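The chain is numbered in sequence order, starting from 1. Keep in mind that what you see is a predicted model, and the values were worked out from it rather than measured. Atoms within each ligand, like the ligands themselves, are counted from 1 in listed order.
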Amino acid sequence: MNPDEVVRALLEIDPTHAVETERDMFLEFLSCLRRGELRAAEKRENAWISNTDVKKAILWGFRAGVLVNIQTPPFDRGYTDKDTLPVRIPTVEEGIRMVPGGSSIRDGSYVAPGVIVMPPSYINIGAYVDENTLVDSHVLIGSCAQVGKRVHLSAAVQIGGVLEPIGATPVVIEDDVMVGGNCGIYEGVVVRKRAVLGTGVILNASIPVYDLVNGTILRSAPGAPLEIPEGAVVVQGSRPARGSHAETWRVHLYTPVIVKYRDERTDAATALEESLR
Ligand SMILES: CC(C)(COP(=O)(O)OP(=O)(O)OC[C@H]1O[C@@H](n2cnc3c(N)ncnc32)[C@H](O)[C@@H]1OP(=O)(O)O)[C@@H](O)C(=O)NCCC(=O)NCCS
């Protein structure tokens, strides 16, 4: 069966009554995700489209799984999780460096050669992490998140998972994006190529982004994610809150701001250290 046929076949089976051969099909599905043959979202004509069947098939595995203690090196005392959701241990041939110290890559995620995963970090099911991306310490790459090539996810970056609602597009970080320390990106936000998120920027579908260069306010809309434009440099800002109480109390709301578009100065500030790779 080709990968799409595996997904279709799975979705016709009741996960709560699946027999061994049907559960094996879920392992084949995880392998397709691991090899990058299936993705939770794909770019078509510059728009990111969620693959709802892939997301449904992932949820199928959660429902079909039963709790077991799994004994797999390097987890000396094993770990306990649903038996359909194993951990994957990268091999030398895969070319991924996973430094020891509490990191996990859940099977059913694609992690390309050249990726470095610093501990502790977690890459969840359905995530796609492309070539030469750096995953620094305390990073979460949530379920189905799509991360491009040569992306720098700095320490403590949190990328939310978007398994449900089923039609929602996962968080997408395109190629050559620099995500500064402590950033949080949630709810299907799309960060276009070469953008830079300064330290501590938080983005979700409800947070408007003020583009001071073009004089526009970027927002999500029903069915359309919040998009950070290519090469935008986003930093933390604030704006006065509305209403008389806010005025009296001088309350400001947190607001991400595009202060500029990437230039040589930004490139210098975000240059990656080749010797670490
Ligand atoms: C965004 C960043 C890359 C700077 O980009 P840059 O192109 O060099 O920005 P510039 O220095 O030209 O600054 C442009 C304007 O934005 C302001 N600014 C820059 N970074 C800012 C930040 N993080 N927060 C608030 N304002 C910021 C500058 O003061 C400047 O405004 P001004 O002209 O009114 O003074 C940098 O601030 C940053 O956040 N880097 C990530 C650091 C990090 O988290 N590293 C993790 C690995 S250790």
Side-chain angles (χ1 to χ4, degrees), residues 96-99 101-103 111-112 114-123 127 129-142 145-160 171-186 189-204 206-219 226-241 250-277:
I96 304 163
R97 283 167 58 197
M98 189 161 97
V99 181
S103 300
V111 184
V115 169
I116 302 175
V117 182
M118 295 304 293
S121 293
Y122 190 72
I123 301 179
V129 186
D130 217 336
E131 284 163 29
N132 298 325
T133 280
L134 173 65
V135 181
D136 211 336
S137 296
H138 286 277
V139 167
L140 165 70
I141 302 182
Q146 307 288 303
V147 180
K149 296 180 171 61
R150 298 170 300 277
V151 170
H152 185 153
L153 300 176
S154 306
V157 165
Q158 305 292 291
I159 299 182
V171 173
V172 177
I173 314 282
E174 291 191 346
D175 297 348
D176 299 298
V177 167
M178 153 76 185
V179 185
N182 251 320
C183 286
I185 308 157
Y186 307 97
V189 169
V190 175
V191 182
R192 294 290 189 181
K193 282 180 205 162
R194 301 187 72 252
V196 175
L197 305 184
T199 312
V201 166
I202 306 288
L203 301 172
N204 75 25
S206 308
I207 301 177
V209 178
Y210 285 66
D211 183 338
L212 302 185
V213 179
N214 296 312
T216 50
I217 302 173
L218 309 173
R219 299 177 190 274
L226 171 68
E227 279 195 29
I228 302 301
E230 187 171 332
V233 177
V234 188
V235 301
Q236 303 188 52
S238 68
R239 69 193 153 98
R250 297 183 185 162
V251 171
H252 282 230
L253 298 180
Y254 159 74
T255 304
V257 174
I258 297 176
V259 275
K260 62 190 277 191
Y261 281 73
R262 199 169 173 141
D263 60 16
E264 283 169 8
R265 192 182 155 94
T266 324
D267 290 343
T270 58
L272 295 181
E273 184 50 70
E274 273 312 312
S275 58
L276 287 175
R277 277 166 181 77

With a cut-off of 6.0 Å (strictly less than), are more than 12 heavy atoms of other residues, nucleotides or ligands near NZ of K260?
yes
Distance-only, no hydrogens or angles: does the Y210 side chain make a donor-acceptor pair with backbone N or O of G237 under 3.5 Å?
no
Output yes when a protein non-hydrogen atom is found under 4.0 Å of atom 42 (C) of ligand 1, and no otherwise.
yes
H152 NE2 to T133 OG1 distance, which is reported to the nearest 0.5 Å
10.0 Å
Backbone or side-chain N or O of V259 under 3.5 Å from ligand 1 N or O
no
Salt bridge present between R194 and E230 (N-O < 4.0 angstrom):
no
Are there protein heavy-atom neighbours of atom 35 (O) of ligand 1 below 4.0 Å?
no
Contact bool for atom 31 (O) of ligand 1 (protein heavy atom, d < 4.0 Å)
no
Can you confirm whether some protein heavy atom lies under 4.0 Å from atom 48 (S) of ligand 1, or whether none does?
no
Polar proximity ligand 1 side, T199 side, N/O cut 3.5 Å exclusive
yes
Judging by distance only, is a nitrogen or oxygen of T266 under 3.5 angstrom from one on ligand 1?
yes
Atom 19 (C) of ligand 1 [closest protein heavy-atom partner, distance rounded to 0.1 Å]
V235 CG1, 4.2 Å
Would you call Y261 and N214 a side-chain contact if the rule is heavy atoms closer than 4.5 Å?
yes
In this structure, CG of L134 is separated from OG of S154 (nearest 0.5 Å) by 7.5 Å
Nearest heavy-atom approach of A112 to E131 is CB-N, 3.3 Å
Is the closest N or O pair between R265 and ligand 1 shorter than 3.5 Å?
yes
Please examine the side chains of N132 and K149, heavy atoms only from C-beta on, and report whether any two atoms are closer than 4.5 Å.
no
Starting from atom 4 (C) of ligand 1, what is the nearest protein heavy atom, named by residue and atom, and what distance separates them?
A269 CB, 4.7 Å
Evaluating non-hydrogen atoms only, which member of A268, G237, G181, A156 is closest to atom 44 (O) of ligand 1?
G181
Heavy-atom protein neighbour under 4.0 angstrom from atom 16 (O) of ligand 1
yes
Which atom of L218 lies closest to which atom of E227, heavy atoms considered:
CD1-O, 3.7 Å
Among all the protein's heavy atoms, is there at least one whose distance to atom 27 (C) of ligand 1 comes out below 4.0 Å?
yes
Considering the heavy atoms of S154, write down every atom of ligand 1 situated less than 4.0 Å from one of them.
46 (C), 47 (C)
Residue and atom name of the nearest protein heavy atom (relative to atom 2 (C) of ligand 1), distance in Å to one decimal
V196 CG1, 4.7 Å
Mind checking whether K260 has an N or O less than 3.5 Å away from an N or O of ligand 1?
yes
Looking only at non-hydrogen atoms, find the nearest pair between V139 and A156 and report the distance.
CG2-N, 4.1 Å
Tell me whether M178 reaches ligand 1 (any heavy atom closer than 4.0 angstrom to a ligand atom).
yes
Does any non-hydrogen side-chain atom of V191 lie less than 4.5 Å from one of V234?
no
In the complex you have, is atom 22 (C) of ligand 1 within reach of the protein, judged by whether a heavy-atom distance drops under 4.0 Å?
yes
